[in-house]
Protein chains: 2
Amino acid sequence: MNKYSVLNENPFGRQKDFAKMTGAERQTYKKNDIIMQFDDKRSDIGLMETGLSYLVGINAAGEKNILDYYESGNIFGNAFFPHKPVNLYYVIAKTKCTLYKCTYDNMINCCRDDYIEHTKMMNELIISSAQRKQMHVDILSQRTIRNKLLTYFRYIAKDSEEQQIHIPLNLSDLADYISVDRSAMMREIKNMNKDGIIVSKGQIITLK
Amino acid sequence: MNKYSVLNENPFGRQKDFAKMTGAERQTYKKNDIIMQFDDKRSDIGLMETGLSYLVGINAAGEKNILDYYESGNIFGNAFFPHKPVNLYYVIAKTKCTLYKCTYDNMINCCRDDYIEHTKMMNELIISSAQRKQMHVDILSQRTIRNKLLTYFRYIAKDSEEQQIHIPLNLSDLADYISVDRSAMMREIKNMNKDGIIVSKGQIITLK
DNA sequence: ATAGATAAGTTGCAATTGCAACAGACAATT
DNA sequence: AATTGTCTGTTGCAATTGCAACTTATCTAT
């Protein structure tokens with residue numbers, strides 16, 4: 001077991017510790033609010049407390065993609081973007097959201113006294129972001145819709161429990177996240193049910 | 001400009017500083033050597049000095065994908081992987097490589113005296129990894145081969161210089177990296193030349 | 001220098017996937 | 001309770017993409 005993996009963790013008080021260490025401000029957004037835009041020069045960091053938000057990218061043709069999604073404990077920000085991104089990006093509230101926001105500088109340069117705890121926590125947070133992207137790349141690099149879905153499901157499934165999973169995204173948005181056409185994905189889910197690989201009803205899926 | 005972006009940077013002495021701070025060991029690998037395997041419990045960190053290496057993932061069907069590639073200054077390691085990866089992964093030397101290796105613990109917990117420099121450097125390194133994955137996700141989430149290629153090219157192109165770029169991967173491996181069939185990619189490159197969007201010869205591409 | 005291996009480039013054909021356009025279910029709001 | 005909007009689920013058809021099978025070019029090592 002990789003002890004640095006925080007993908008499925010949400011340690012109690014993590015957001016509160018974050019706020020105390022960085023001076024982050026607690027904010028509330030309602031559904032469809034823009035939480036953060038990445039076309040400006042500022043480099044804020046957001047840490048989700050409750051709700052669900054999307055990182056959306058828009059390419060030159062105006063096509064939107066869900067590039068990442070954030071739930072309680074997930075971190076996001078311009079700092080995790082390459083210099084000179086080629087598309088437009090923003091984080092939007094899918095549901096009502098509460099989160100903590102601070103500047104990247106505050107996150108990195110603070111808390112001289114308890115710097116060990118601070119450093120460990122910051123690294124955990126930053127690495128969790130990299131881990132999420134690695135998972136996403138792993139999904140997207142699968143060549144068929146079926147393998148994209150299976151890879152995603154296996155990541156979501158926790159090993160110790162039964163193989164029934166609840167997908168945090170609705171099926172329309174899941175199709176977007178794995179970057180395939182929604183109707184084609186629905187067709188493939190139907191085929192997977194027919195082939196006995198999964199049993200699914202909406203966002204509830206049981207792996208066989 | 002995002003001052004935390006290190007995608008295209010390779011600060012002089014970065015690897016040497018890394019080694020000094022972490023006690024990392026310098027290693028040499030020849031072409032096709034396995035540099036690191038992610039199926040074990042250890043959590044080593046690698047920092048490339050020279051050469052080119054690939055992060056390769058193999059799914060249950062035995063299909064291989066190039067999930068990432070590492071050149072001078074790039075960092076990689078198990079720590080950037082989600083817990084319980086669903087496929088097999090290894091880092092393999094595409095060319096002769098030199099790199100520095102240390103444990104993740106050594107990278108994170110060392111150098112109390114100059115911890116500010118250390119913290120800044122470690123964060124820069126970790127974030128560069130997240131940035132690379134963000135770029136990759138951005139590429140993979142494009143729905144057509146043409147848009148995958150254009151997104152990749154625009155990331156590679158440096159803004160201040162002319163729009164001629166040299167791709168570090170050969171075309172076979174590029175197809176793998178953007179997760180499309182090689183012959184289909186070649187066909188699309190031909191079409192893009194025909195349409196006047198690019199002028200290309202092998203790995204040398206000029207954006208129009 | 002030559003052979004062997006690796007990579008670039010091409011094309012026909014098949015298959016998956018995307019697109020469009022539906023109907024029906026469900027949720028939210030007045 | 002009715003209306004509006006969002007989401008699920010389905011299918012025919014078209015188009016992109018993948019696969020297979022080549023040839024030619026380039027690199028590598030003996």
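Naming convention: chains lettered A, B, ... in sequence-line order (proteins, then strands); numbering from 1 in each chain.
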Given a 3.5 Å cut-off on both pairing distances, which stems involving DNA chain D, each at least three consecutive Watson-Crick or G-U pairs, are present, if any?
C:1-30 with D:1-30
Protein-to-nucleotide contact annotation, 5' to 3' order, nucleotides 7-22 of chain D [B base; S sugar-phosphate only; - none; under 4.0 Å, heavy atom]
SBBBBB----BBBB--
[X]/[Y] ion pair, N-O < 4.0 Å:
{"X": "A:Arg182", "Y": "A:Asp176", "result": "no"}
{"X": "A:Glu188", "Y": "A:Arg146", "result": "yes"}
{"X": "B:Glu63", "Y": "A:Arg143", "result": "no"}
{"X": "B:Asp33", "Y": "B:Lys30", "result": "yes"}

Establish, yes or no, whether the cationic atom of B:Arg132 lies under 6.0 Å from the six-membered ring centre of B:Tyr69 and within 45° of the ring axis.
yes
Report the C-alpha distance between B:Glu49 and B:Lys16 in whole Å, list the side-chain angles of each, state the deciding distance to 0.1 Å, and finish with yes or no for salt bridge (Lys or Arg N to Asp or Glu O under 4.0 Å).
CA-CA 9 Å; B:Glu49 188 183 48; B:Lys16 291 281 191 311; 3.7 Å; yes
Taking the six-membered ring for Trp and the full ring for Phe, Tyr or His, determine whether the centres of B:Phe76 and B:Tyr70 are under 6.0 Å apart.
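Yes, they do, as the ring centres are separated by less than 6.0 Å.
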Salt bridge (charged side-chain N to carboxylate O under 4.0 Å, His left out) contacts touching residues 198-208 of chain A (sequence neighbours left out):
none
For A:Lys96 and C:dA28, give me the distance from atom NZ to atom P, rounded to whole Å.
15 Å
